[in-house]
Amino acid sequence: MAEKSPRGLADVVAASTSISDVDGREGRLVYRGYDIHDLAGRISFEECVHLLQRGTLPTQAELDELTAELTDGRQYGTAASALLPYVVGSGTPMEALRTLVSALSIDDPDAADMSIEADRRKATRLVAQMPMVVAAYEAERRGRELADPDPKLGIAANFLLQITGQSPSDRIAEIFDECLVLHADHTMNASTFSARVIAATLSDMHSAVTGAMGALRGPLHGGANEAVMKTLMSIEGDVANVDDFVRAELDAGRKLMGFGHRVYKTEDPRATHLRRMSEELAELTGNPRYYVMSRRMEQVVLDTKGLYPNVDFFAASVYHALGIPTDLFTPVFAISRMSGWTAHVIEQHEDNRLIRPDSEYTGPRDQHWVPVDQR
Ligand code: COA
């Protein structure tokens, strides 16, 4: 009989990877050997994509090459365009986007090619297409024309341009760029693990990332950032009401979204940067309400429950201040994480073995069949 495994596979090593590493005790996150504190605010999302998907921080020539490929690859074709009017207005944005991401394979010239070279091309295109698809979804549901990307801008600035209709200031674009870097990869999180399980059947890149979208959607994973914002907005009146709210939620046995982590036993290093950005945006926008509330909530939850904020907690007030609609917070997470998912699919395909764990059977034994009229 198989040994009993920990609930939720906690602490189980499910795969080998050279893409990212987390030290939960020290609160460290590393992308290919670089500490996230070394990278955050210093590299662009495009450089991060190169690091995750191609293994190194790019030289200028490599960055120019990747940028050209991303520009060429962002048109997502007729299938997703045709589906847009159907998926807008039914269900949540994450349901719609899961469908659109799946449809991207229909127009992908490498869809049927399972070679590693084709995986790399698909990975670049998916990263380029993801912000375009989210922006197109937003434009379609608002009945607006989608602004053309500005060739002078990177992925982060172009997305803000397309979502808000205005070119962001350099600093606002830098802040969002840093958000994309911070969310890009995080070892065997649920969506990445899902992508690797799918890839390990020798299924294709698009199937793997579509599965990952489904996993990311849940409130215990990427869906938490949206839930945090809804929580902050639901607390009326003075910031002092945060204390009562937190205690009432905990007394009722409910979880507070944006707190706790399976791996980190101390501060999530991404939260450190997002807290700083939330503070800066509070000053830049002249609207400190959600930053101040978040700081208070952080303190009360730490004092009463000993839980630290995770990546999703301060991401909520940051995205809100950037003008991103609340129900697009999780799709924005997906824009960034697409770089990590695709890097993991390539890595899985490069050295594949079917992922097929055992299970612990808890049902009855020694049952005997009887005809239906005698049961
Ligand atoms: N609010 C209140 N209590 C929490 C909590 C939270 N956000 N996160 C964990 N806890 C408590 C649990 O109630 C449990 O208490 P108990 O032992 O008294 O029953 C204990 O801490 C362990 O929680 P558990 O859910 O078993 O830990 P996990 O490792 O399975 O879960 C998360 C990790 C991230 C799923 C969990 O912390 C959570 O649900 N957080 C909120 C959702 C979220 O922010 N997700 C984004 C993660 S990046």
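We number each residue from 1, following the sequence as shown. All values below come from the heavy atoms of this structure, side chains included, with hydrogens, waters and symmetry mates left out. Just so we're clear, the structure is a prediction, and the values are computed from it rather than from any experiment.
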Quiz prompt | Salt bridge present between Glu280 and Arg171 (N-O < 4.0 angstrom) | solution = yes
Quiz item: Which atom pair, heavy atoms only, marks the closest approach of Ala123 to Ile346?
Solution: CB-CD1, 3.9 Å
Exercise. Would you please classify the geometry between the Phe176 ring and the Phe159 ring as parallel, tilted or perpendicular, with 30° and 60° separating the classes?
Key: parallel
Quiz prompt | Heavy-atom check, side chain of Leu66 versus side chain of Arg54, under 4.5 Å | solution = yes
Quiz prompt | Closest non-hydrogen atom pair between Met205 and Asp119, with its separation | solution = CE-O, 3.3 Å
Self-check item: Close side-chain approach of Thr342 to Lys122, heavy-atom, < 4.5 Å
Solution: no
Quiz item: Are any of the side-chain nitrogens in Arg121 or Glu117 under 4.0 Å away from the carboxylate oxygens of its partner?
Solution: no
Self-check item: Note: Arg196-Glu347 ion pair, threshold 4.0 Å (strictly below)
Solution: yes
Self-check item: Inter- and intrachain pairs under side chain to side chain donor-acceptor pair (under 3.5 Å), touching residues 366-375, at least two apart
Solution: none
Quiz prompt | Nearest heavy-atom neighbours spanning Glu62 and Thr59 | solution = OE1-N, 2.8 Å
Practice problem: Tell me whether Ile43 is reachable from Val127 by hopping between hydrophobic residues (I, L, V, M, F, W, Y) whose side-chain heavy atoms are closer than 4.5 Å. | Solution: yes
Quiz prompt | Heavy-atom side-chain proximity of Ser294 to Leu232 below 4.5 angstrom | solution = yes
Practice problem: Answer yes when Arg217 and Glu226 have at least one side-chain N-carboxylate O distance shorter than 4.0 Å, and no when they do not. | Solution: no
Practice problem: Over all heavy atoms of both residues, which pair between Met132 and Pro149 is shortest? Give the atoms and the distance, please. | Solution: SD-CG, 3.9 Å
Quiz item: Do the side chains of Met114 and Ile198 join up, straight or via other hydrophobic residues, at under 4.5 Å, putting them in one cluster?
Solution: no
Practice problem: Would you indicate whether the side-chain heavy atoms of His206 and Ser102 approach each other to under 4.5 Å? | Solution: no
Quiz item: Near Asp11 CG, under 6.0 Å, is it more than 12 heavy atoms from other residues, nucleotides or ligands?
Solution: no
Exercise. Check for a donor-acceptor pair, side chain of Arg32 on one end and backbone N or O of Leu51 on the other, with a separation under 3.5 Å.
Key: yes
Quiz prompt | Aromatic ring proximity, centroids under 6.0 angstrom, Phe313 and Phe259 | solution = yes
Practice problem: Compare every heavy atom of Ser339 with every heavy atom of Gln53, then report the nearest pair and how far apart it is. | Solution: CG-O, 3.9 Å
Practice problem: Salt-bridge test for Glu279 and Arg276: reply yes if a basic N is under 4.0 Å from a carboxylate O, no otherwise. | Solution: no
Exercise. May I have all residue pairs that pass side chain to side chain donor-acceptor pair (under 3.5 Å) and include part of residues 81-92, sequence neighbours excluded?
Key: Thr92-Glu95
Quiz item: Do any N or O atoms from the side chain of His261 and from the backbone of Asp268 form a donor-acceptor pair under 3.5 angstrom?
Solution: no
Quiz item: In terms of ring plane angle, is the pair His186 and Tyr264 parallel, tilted or perpendicular, where the classes change at 30° and 60°?
Solution: tilted
Quiz item: Taking NZ, NE, NH1 and NH2 as the nitrogens, is one of them in Asp327 or Arg141 under 4.0 Å from a carboxylate oxygen of the other?
Solution: yes
Self-check item: Basic-acidic side-chain contact under 4.0 Å: Glu350, Arg120
Solution: yes
Quiz prompt | Same apolar cluster: Leu180 and Leu57, side chain cutoff 4.5 Å | solution = yes
Exercise. For residues Leu84 and Ala136, report the shortest heavy-atom separation together with the two atoms involved.
Key: CD1-CB, 3.8 Å
